[in-house]
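The structure under discussion appears below in the form of structure tokens.
So you know, we letter chains A, B, ... as the sequences are listed, proteins then strands, and number each from 1. The model shown is predicted, which means the values in this text are computed figures rather than measured ones.
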Amino acid sequence: MILATSLATPQIGTVFWTTLVFILFFLVLAKFAWKPILNAVKAREEIIKSSLESAEKAREDMKRLQADNEAILRKAREERENILKDARDAREKMITEARDKASEEAGKMIEKARTEIEREKLKALSEIQDQVASLSVEIASKLLGEHLKKDDEQEKLISKYLKELGTNNN
Amino acid sequence: MKKKIWISVISFIVFLLPFFTLAAQEGEHSAHPEKTRAGSEAEKGFNPSEFIMDHISDSHEWHIMTLGNGKNVVIYLPVILWSKEKGLSIFSSGKLAHGHIHNGYMLVEEGELKGRIVNAGSDGSVDEKNLPLDFSITKAVAGMLFAALTGLILFLLLARSYRKSGISHPRGLQSFLEPVILLVRDDIAIPNLGHEHYEKFMPYLLTAFFFILINNIFGLVPFPPPFGANVTGNIAVTMVLAVFTFTITTINGSRTYWKHIFATPGVPFWLLPIMIPVEIIGMFSKPFALMIRLFANITAGHIIVLSLIALIFIFESLWLAPVSALFVIFMDCLETLVAFLQAYVFTLLSALFIGLAVKEEHH
């Protein structure tokens, strides 16, 4: 019991030394340890925080850029599709047009050729008729010669025959 | 860098050496043979309460061990005394060993003043009326000085490593101590003091926390003499710490704090004569609880460990030794937890009290 009392009685010397040691311990550490340590920890935390924030921002930027890229790409693809489609259409159109024109041209040429042929044929026919007429007159004159004295009567006869021929031929 | 640490540690030891004298004393030649440890234990049998009290109370000498031939290996600590008649006197406590009287002082070995240095009467009696002021470097003070020096070296090195490494990730000492510093900041200071006040009180809280923690842990290490002193189990030490918390609380008390003491809102005026004394008692009971809590917890831990050791000598059986050792190991693990926990609790409650005083209520 006596010993317990001595345990629970603070000694002046211990109080003095504890106060002195604790104040010195506090002053030295506060100035040379806690301040730099807490500042360093705080600075590091702030840097970590700002780094994380900028990383987050960069990620968002990236996402946005990616979305932009996607959109641009999609647009480009559409454009290409359109251009190709236009080209295809134009080609189709050109081909059809060319074909139409060509067939038209061909039709015209055929038509022209046909009329030409018709005309040539008619011309040839009339030439042939003339030829035949003069030939027949010659032949007939040679054949008949002497038998035909009156020229005007002969002419009449011949043209009568030729007419008959002509109508027969037609 | 390591060289510098060693140089500073060695120079510290060299500096203190003249004040400490190691001696192997002979129990038989003592002026009061019945009070030397080996002698008393052999003659009167083992006294567990004396054994325990010798270990946990403060002392002017640091007893290391008792050799087989009855000699005690003791470190004599410096005695610093002041009295009106004789002024200041500084000498080694070895001069007071075995009941010797030096410069009119003697060490009381019996009774209520056991372990105190008193003025000796001409016939060797104790002059109880006129006690000298004792500023000696006792066992607790020496242990505390060593702990404080260790703390200083540790945290100055830590601060230097922060200056060197800048803002890079924690490494070495940093990765070991930074989580503890952050624990004090994030779990003690900020929740209790708030973001606007906590920075002002961080140095005090960190200092108190590590001062208590280092002393608690060093007190648990049993053997080589700078360790094993019962510093935070000394009522004077815990009293000083509590007084610091009280002073900081009172100085930083806001208007709201004082208003709650002298004109508690919501209390009818006729109750104030009761309320004001109660509130004033509350101001003092908070730090008083801090003082008692730390003192009692650490002392109790030491007493349990010592009791378990004492069991071996009480039963005088070697077979009990392994059982005792196992229990002591278990208790030491528990006490390591308590060492940390009590430092945490003291700092937490200090922060809480300061936080309550600092906060300005907005009605």
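For A:Leu38, the part lying near chain B is the side chain, with the backbone staying farther off; criterion is any non-hydrogen pair under 4.5 Å. Contacts of A:Val15 with chain B are made by both backbone and side-chain atoms, with heavy-atom separations under 4.5 Å. With a 4.5 angstrom heavy-atom cutoff, B:Asp58 touches chain A only via side-chain atoms. Within the 4.5 angstrom heavy-atom criterion, no atom of B:Leu177 approaches chain A. Heavy atoms of B:Ile181 lying under 4.5 Å from chain A belong exclusively to its side chain. Heavy atoms of A:Phe26 lying under 4.5 Å from chain B belong to its backbone as well as its side chain. Of the atoms belonging to B:Ile292, not a single heavy atom falls under 4.5 Å from chain A. Only the side chain of B:Val141 has a heavy atom closer than 4.5 Å to any heavy atom of chain A. Of the atoms belonging to B:Ala296, not a single heavy atom falls under 4.5 Å from chain A.
The candidate from B:Ile235, B:Thr299, B:Asn234 with the greatest count of non-hydrogen atom pairs under 4.5 Å with chain A is B:Ile235. Among the candidates B:Phe244, B:Tyr204, B:Phe295, the residue making the largest number of heavy-atom pairs closer than 4.5 Å to chain A is B:Phe244. In terms of heavy-atom pairs under 4.5 Å with chain B, the best-connected choice from A:Lys31, A:Glu45, A:Lys35 is A:Glu45. Chain A forms more heavy-atom pairs under 4.5 Å with one residue of B:Glu199, B:Gln174, B:Glu178, B:Met202 than with any other, namely B:Glu178.
Using a 3.5 Å distance cut-off with no hydrogens or angles, the side chains of B:Asn252 and B:His197 do not pair a donor with an acceptor. Counted by atom type alone, B:Thr232 and B:Asn215 present zero donor-acceptor pairs between their side chains at under 3.5 Å.
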- Step by step, work out the side chain to side chain contact (heavy atoms under 4.5 Å, CB included) result for B:Leu294 and B:Leu290. CA-CA 6 Å; B:Leu294 183 58; B:Leu290 279 183; over 6 Å; no
- May I have the step-by-step check of ring-ring contact (aromatic ring centres under 6.0 Å, His included) for B:His55 and B:Phe51, ending in yes or no? CA-CA 7 Å; B:His55 276 83; B:Phe51 163 75; 4.8 Å; yes
- Does the salt bridge (charged side-chain N to carboxylate O under 4.0 Å, His left out) test come out yes or no for A:Lys108 and A:Glu111, once each step is laid out? CA-CA 5 Å; A:Lys108 262 185 200 159; A:Glu111 196 57 36; over 6 Å; no
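Taking 4.0 Å as the cut-off between side-chain N and carboxylate O, A:Glu104 and A:Lys101 do not count as a salt-bridged pair. A salt bridge does not link A:Lys49 to A:Glu46: none of the charged nitrogens lies less than 4.0 Å from a carboxylate oxygen. Between A:Glu78 and A:Lys75 there is no salt bridge, since no side-chain nitrogen of the basic residue lies less than 4.0 Å from a carboxylate oxygen of the acidic one.
B:Phe155 and A:Trp34 have tilted rings, their planes meeting at an angle from 30° to 60° on a 0 to 90° scale.
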